[in-house]
Protein chains: 2
Amino acid sequence: MSDEQPDMPELKIESGSGAGATVEPLQLGKRLRQIRHNMNLTLEEASQKTGLARSTLSKIENEQISPTFTAVQKLAHGLDIDIPQLFAKPKSSMTSGRRVLTKVGEGTSHPTSTYEHELLSTELARKKMIPFKTRVRARSFEDFSDWVRHEGEEFLLVLEGEVALYTEFYEPISLQPGDSMYYDANMGHGLVSLSERDALVLWVVAR
Amino acid sequence: MSDEQPDMPELKIESGSGAGATVEPLQLGKRLRQIRHNMNLTLEEASQKTGLARSTLSKIENEQISPTFTAVQKLAHGLDIDIPQLFAKPKSSMTSGRRVLTKVGEGTSHPTSTYEHELLSTELARKKMIPFKTRVRARSFEDFSDWVRHEGEEFLLVLEGEVALYTEFYEPISLQPGDSMYYDANMGHGLVSLSERDALVLWVVAR
DNA sequence: CAATAAAATTTCCTATAGGAAACATAAAGT
DNA sequence: ACTTTATGTTTCCTATAGGAAATTTTATTG
């Protein structure tokens, strides 16, 4: 049912690099106003959180003044945004404005003896994360010849079944559906199913 | 090693997030002085490159004044350092060999009118990904004041219910349990539940 | 150790950021 | 409509950032 489509608010993405000669075209004011609106805050509330005056905030957002660094610090701290992110250009490694859908069961499958990985977003190259759904066939730690170990970090969420995550330096830990783990992938790791049937987990790797 | 059935010790969750009650002790001045020295520049030379007065640079480096944002821009532009990097904490990423468990339902909850986010691995600071499980309360696009838009990329997997992902530049797309999306987060986006009840999704953000 | 040169700091003044309150505008209630 | 209430803007004034030149400190050379 549903949807007629509501008209969507338009807001153009500034393409970033202007002509090199002049200084940054970074619109700090607009950026801050957007953040504040996303948080559903009024100037008064933001003022209380940051310790800056309403008027000052207004002027900063309207780019009538250039805030001092201490002001920026108060802003970032009060609104809980980190400064690098605030100044980062709205650019991404992934070609801007892309998206990809993977319907259930339609990822590309990579079966091994211990796991069956279903890669979920293969179409997009150069992305920061690699997500896949994995059927865990391994039943004991001996199923591995050695630790799996690679650059980056991993996030793991159990979807079905019961698993044990073996990691170097730690005792193995058992996980139920809904439990999640986050760990450094340089640390050796391996996953086994504890129940009769295969377990199903979501895995996301960031390099 | 290895028994087949590992004992399952509990891993303590370091709940203390309390770091940083006071304001950032970020030493911008020292930082800049280091950079300038690394470039073998005198204040005079730096002055010419940046367009700021010698005296001003001196005061900034000695933290006698708090530079305005425009001054910081001139600095960054003139010395060819990018601003996010300037403010980024000199700390490495995740401390090597760490891991953290989040039991089901034990993440930190952040309810809003449209979403209820359950952050899954808050204990580890400075990690590459931010995973959270979200209950989607929004029922129509009008529930949003504006697009959500931020640095990075997002992966999304539907756990329960039926949702529609609205993204800038594209038509909204409907997703069933098991379906997943991967998209650029700079592109405005918003998620609504299509069925009667709230939907449940897993979200992972990489910056 | 002088004497000189070079670099960094401090002084003084002007330009501007930041705060309090007045003003303006918008939304909601009567 | 009028009044009230909330939110954003502008006005003024004070505090402070930024620039030019004087002063101090640090390095270099005879």
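Throughout, protein chains are lettered first and strands after them, A, B, ... in sequence-line order, and every chain is numbered starting at 1. Please read all numbers here as calculations on a predicted model, not as lab measurements.
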Backbone of A:F69 reached by a side-chain donor or acceptor of B:S66 within 3.5 Å: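 Yes; judged by distance alone, with no hydrogens or angles, the pair exists.
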Is there a donor and acceptor pair closer than 3.5 Å between the side chain of B:K59 and the base of D:dG19?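 Yes, the side chain and the base share a sub-3.5 Å donor-acceptor pair.
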With a 3.5 Å cut-off and heavy atoms only, can you find an N or O donor on one side and an acceptor on the other between the side chain of B:T42 and the base of C:dA8?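 No pair found.
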Aromatic rings A:Y182 and A:F155: how do their planes relate, parallel, tilted or perpendicular, breaks at 30° and 60°?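 The rings of A:Y182 and A:F155 sit tilted, inter-plane angle from 30° to 60°.
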Write down the distance between [atom1] ([X]) and [atom2] ([N]), rounded to a whole number of angstrom.
X	N	atom1	atom2	value
A:E44	C:dA21	CD	C1'	13 Å
B:Q48	D:dG19	CD	P	14 Å
B:I65	C:dA15	CD1	P	17 Å
B:E63	C:dT9	CD	P	12 Å
A:F69	D:dT16	CZ	P	17 Å
B:L52	D:dA20	CG	P	11 Å
A:L41	D:dT7	CG	C1'	13 Å
A:Q73	C:dG18	CD	P	13 Å

Closest to the [X] side chain: [options]?
X	options	answer
A:K74	D:dT9, C:dG19, C:dT10	C:dG19
A:R54	C:dT11, C:dG18, D:dT9	D:dT9
B:L43	C:dT10, C:dT9, D:dT9	C:dT9
A:R36	D:dG8, C:dT9, D:dG19	D:dG8
A:Q64	D:dG18, C:dA17, D:dT10	D:dT10
A:T68	D:dG19, C:dA17, D:dA22	C:dA17
B:S55	C:dG19, C:dT9, D:dA20	D:dA20

As a quick check of understanding, evaluate salt bridge (Lys or Arg N to Asp or Glu O under 4.0 Å) for B:R135 and B:E116, giving each step before the final call. CA-CA 5 Å; B:R135 181 165 301 281; B:E116 180 169 344; 5.0 Å; no
B:E45 and B:R36: CA distance, side-chain angles, deciding distance, salt bridge (Lys or Arg N to Asp or Glu O under 4.0 Å) verdict: CA-CA 10 Å; B:E45 294 165 323; B:R36 182 171 63 83; over 6 Å; no
Think [X] has a side-chain N or O under 4.0 angstrom from the OP1 or OP2 of [N]?
X	N	answer
B:R33	C:dT9	yes
B:S58	C:dT9	yes
A:N62	D:dT9	yes

Which part of the nucleic acid, if any, lies within contact of B:L57, taking any heavy atom under 4.0 Å across all strands shown: a base, the sugar-phosphate backbone alone, or nothing?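 The residue B:L57 makes no contact with any strand.
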Which one of A:T70, A:I35, A:L32 satisfies the side chain to side chain contact (heavy atoms under 4.5 Å, CB included) criterion with A:L75?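 Only match with A:L75 under side chain to side chain contact (heavy atoms under 4.5 Å, CB included): A:L32.
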Would A:L191 and A:W203 satisfy side chain to side chain contact (heavy atoms under 4.5 Å, CB included), going step by step from the backbone distance to the final call? CA-CA 11 Å; A:L191 198 64; A:W203 235 321; 3.9 Å; yes
